[in-house]
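The structure appears right after this line, and notes come after that.
Heavy atoms only: backbone and side chains are in, while hydrogens, waters and symmetry mates are out.
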Amino acid sequence: MSHSDYAHAAQLLPSLAWVQSDDSDLPSRIDSALALAYEQMPANHTFKLVEALAYRAKRRHGSIAPLQNALRNKDADVQFAAAEGLAKCGHADGVNILMATIDYNPDVEFRSCSVLAIGELLGSSDHQNQNQNADSPNASSPADNADKNLQVHTLYKAYDKLIKLAENDEHYLQDVASEALGRLAQGGDFEHSPHIFELLKSHLSDPAVHFTNPAIVHWLNGLRWLNTTPAWEQIRHYIRIHLDKAIFFRPQRHAVWLLQMNDSDANKALILDILKMSNLDRAVLMVAYTAAQKTWGSLASQIYPYDWAAIQSHNTDFIEETEHLSLKRIIDNSSIDELAAFITQHGAHLPADALTALQNAILAKQDMPTSQLTALITSSNTLTQHIGLCYLTQYPSSYLDKEMVATLQQRFDTASEQWHTLIDTINRSPTTINNSQWIDMVEQVGSTIKQLVWLIMRHVSITTAKGAVDKAATKQIVAMLSWLNDARQPLTITSIPLLSTTISDWWQQALLALLARPVADDKVLSSILPTLNVVSTATQSQLTYDNQALLGTVIARIEQSGTSTQKSIITVVRNALKNNALKHTGSSTEIPINQQLLQWIKAKDADALYHCANNDNMEMTVRIRAIEALGQLHDPNIEQWLTTLMAHENSDIQKLAYKVLRRWQRAMIRAQRKRPSSSIAAQSSQDSSQKSNQGEGDSQ
C-alpha cells in the first residue's frame, strides 16, 4: 500500500483475510490494515476488499465496522457484498439492501446469494450452532443487536417473499428460496415450519425432477437446516431410494455428505450400511467415509464402527484408499475376541485380501476363548472354518480335549458329505469340471479335510491319562485311514487331476502326521497296520511314489515297535546286517553302540544308520553322528529318511536333518552333472551307428 501498488495489494487480499494466528496482536493489525486499505484503495478494488473483510468477519471473528461503513458506498455491488457479509455474521444492518437486491439487481448470482444470506440471517442461532460444520463456524448469534419487534417483522416479511419464490415452479430463484426457508423454519419452531417441510418434501419427491438436477442440493440443504426428525427421515429416504438403484451423482453424494450434520443413531446406521455396499462407486463410498470420520473421529489408536464396515466393501479402489486407515487400525488395536467374533459373523462376505489380513492378525494373538474357536471351526463358511483350524493347529495342546476332538470329527463328517456331493455332481454332469464354482468348492473342501486329517492323525491323544490305550481314539484314526483309502478308489478320482492331486495331498498329510507322532505312540498304533498294509499292497489306485515311500517308513517304524518300545536298536540292525550277508566277528553279546556305529558307517549300511538316528532311546551324540553319516551315502531312500527326520519333535534333530539333506542333495546334483560328460562320446558314437543302420529320420 505504501508504494501504491494496488493491483498487487488486491491479489494479496484473500491470503491476508485467511491468516489465522494465536497471536492476539496480529488479528487487530490485519483489521487495521484492511480498514486503511478501504480508505485508500481505488474504487475498482473495493468489491474484492469488502469480500476479504466479510470473510475475515465470518471466519476469523474480525471487526464488522468496515462492513457497516461499506453499506453507505455508492456502488450497489459493494453495498450488496457488505450486507451479505453482515448477514452471515448475524447482523441485520443490511437486510433492506438484500431485499432490494432480490427484486432489482440484474445479476442472477447476487440475487441468489441475497436469498441465501437472508435465510442465514434469520435462522435460529441454536439451530445453526448445533449443525455447523467444523470448517464453517458462525461468528455470532444472528440479529443479536436488532430490536425484537423489528426482527419479527423482518422474519415474516422475508417469509412472505421467499415462499412466493419457492412455490413458483417457473422462477429461477425457487431452489435457493427453498433452502433459505429451511433456515427460516428455525428447527421447527417457526409457525410455518410444517408448510415449509411439506414444500421441501414435495420438491424432493417430484418424479419429474431428474436426479442430476442441481436444485436438489438446495432442497436437501433446506431439510438439513429445518433439522426436524421428519426432515432427516426424508433425507435418509431419498438416499435409500438411490442406494437401491445404485445411481449417485452430485446431488445424491451431497445427501450422503449431509448425514454428518446430525449424529442421530439413524444417520450413523445409514452411513455404516453405505460403507458395506459393494455396488457403489468409490466417490460415494469416500463421501460416506469422510462423513463417518467427522461423526466418530479418526484417531490412529482407536477402532471405530465405520472401520469394521469399511473393510467389508468389495470396491477395490475404495479398499486401496482406506486400508491404511481402517484395516490397519483393526489389526493394530483389536483384541482376539473382537477379531474372532467379527470373522465368525462376517467372514463369508469379506474380500479375500481383508480376510487374509485378519487371519494373519488373529494367528498372531494368543488365548482365544474356546467358545470363539469352536464357533469359527463350526461356521458354515469354509474359509472361516480354515481360520479356526489353522489357529487350532498352531495351539493344539491348549484346546484339544475330548469335546474339541468330537467337534473335529463332526466337522470331518460334514466335509466328507460335501466331498461326496461334489463327486456325485461331476459323475452326473462331467462338464461341471470346467465350472469355476465347483472348482472353488473342491479346493475349499479339500483344504478343510487336509487340515482335519493333520489335526486328528497328529494331535489326538491315543492314550488315557493313566497310560492305557484309548481305543476310541485309535478307532477314529483307523476310520479316517479307511475313508481316505475308499476316497482314492473311484475311476473319477484317477481320471481328474484336480481330484487325484487333492487326495494325494491328504495321504501325504496323514502319513507325515503319523511320522510326526512321538515314537512312544508307535506300539499303540499297531492296530492301524492292517489298514496300512491293505493300502500298501493294493494294485489299483496306487499311491504316488513319494507317498508310497512315506507309507513304507510308517509301516516299518510301527512294526519295529511291536514287542517293546525299549527294544535295542542293535538287535534290529544286527538282523539287517545279516540279511545283507555282512559278516561280523563279534560274539553273541551286544557290541558297544559307538563301535557298532563305526561298523555301520564302514559297511555303508544306510538302513541301520537311519534306524539309529530315528530311535529316541539313543544318546543324542550317537544320533547326530548317524545323521551326518547318512549324508555321505548314496542310498535312494536317504532323501525320504532325512525328510522324515525333519518332522521330528526334537528341534536339534530337525535342524541337523535339514542341513544334511541340503548337503546331500547338492552332492547328488554334482554327481549327476559329472556322469553325462564321460558318456557323451559313447552316446554320440552309438547314435551315429544307429543312423547308419536305420537310415535318416528313423530315430527320433
Is the NZ or CZ atom of Arg60 both under 6.0 Å from the centre of the six-membered ring of Trp18 and within 45° of that ring's axis?
yes

When you check the gap from the basic side-chain N to the acidic O, do Arg236 and Glu233 get nearer than 4.0 Å?
yes

Name all residues meeting the ring-ring contact (aromatic ring centres under 6.0 Å, His included) criterion together with Trp308; count only those two or more places apart in sequence or in a different chain, and write none if there are none.
Phe342

Salt bridge check: are Glu120 and Lys58 linked by an N-O gap of less than 4.0 Å?
yes

Does Arg240 CZ have over 12 foreign heavy atoms under 6.0 Å away?
yes

Measure the shortest side-chain to side-chain distance between Ile387 and Leu355 over non-hydrogen atoms and say whether it is less than 4.5 angstrom.
yes

For Tyr304, give me all partners under side-chain hydrogen bond (donor to acceptor under 3.5 Å, both in side chains), at least two apart in sequence or on another chain.
none

Mutual orientation of the aromatic rings belonging to Tyr306 and Tyr289 [parallel < 30°, tilted 30-60°, perpendicular > 60°]:
perpendicular

Would you find a donor on one side and an acceptor on the other, under 3.5 Å apart, between the side chain of Gln252 and the backbone of Phe249?
yes

Got a sec, which residues hit side-chain hydrogen bond (donor to acceptor under 3.5 Å, both in side chains) with Arg282, two or more places apart in sequence or on another chain?
Glu321

If we ignore hydrogens and angles and just use 3.5 Å, is the side chain of Thr322 paired with the main-chain N or O of Leu325 as donor and acceptor?
no

Of Trp219, Tyr238, Phe197, the residue whose pairing with His203 passes ring pair (Phe, Tyr, Trp, His ring centres under 6.0 Å):
Trp219

Using modelled atom types only, decide if a donor and an acceptor are shared between the side chain of Ser193 and the backbone of Ala185 within a distance under 3.5 Å.
yes

Side chain Asp77, main chain Phe47, donor-acceptor under 3.5 Å:
no

Under the salt bridge (charged side-chain N to carboxylate O under 4.0 Å, His left out) rule, what pairs show up with a residue in residues 325-353, not counting sequence neighbours?
Asp307-Arg329, Lys328-Asp332

State whether the side chain of Asn333 and the backbone N or O of Ala300 hold a donor-acceptor pair below 3.5 Å, judged by distance alone.
yes

Qualifying salt bridge (charged side-chain N to carboxylate O under 4.0 Å, His left out) pairs, either residue in residues 96-110, two or more places apart:
Asp103-Lys161

Can you label the angle between the Phe80 ring and the Phe110 ring as parallel, tilted or perpendicular, going by 30° and 60°?
parallel

Mind checking what makes side-chain hydrogen bond (donor to acceptor under 3.5 Å, both in side chains) contact with Gln437, not counting sequence neighbours?
none

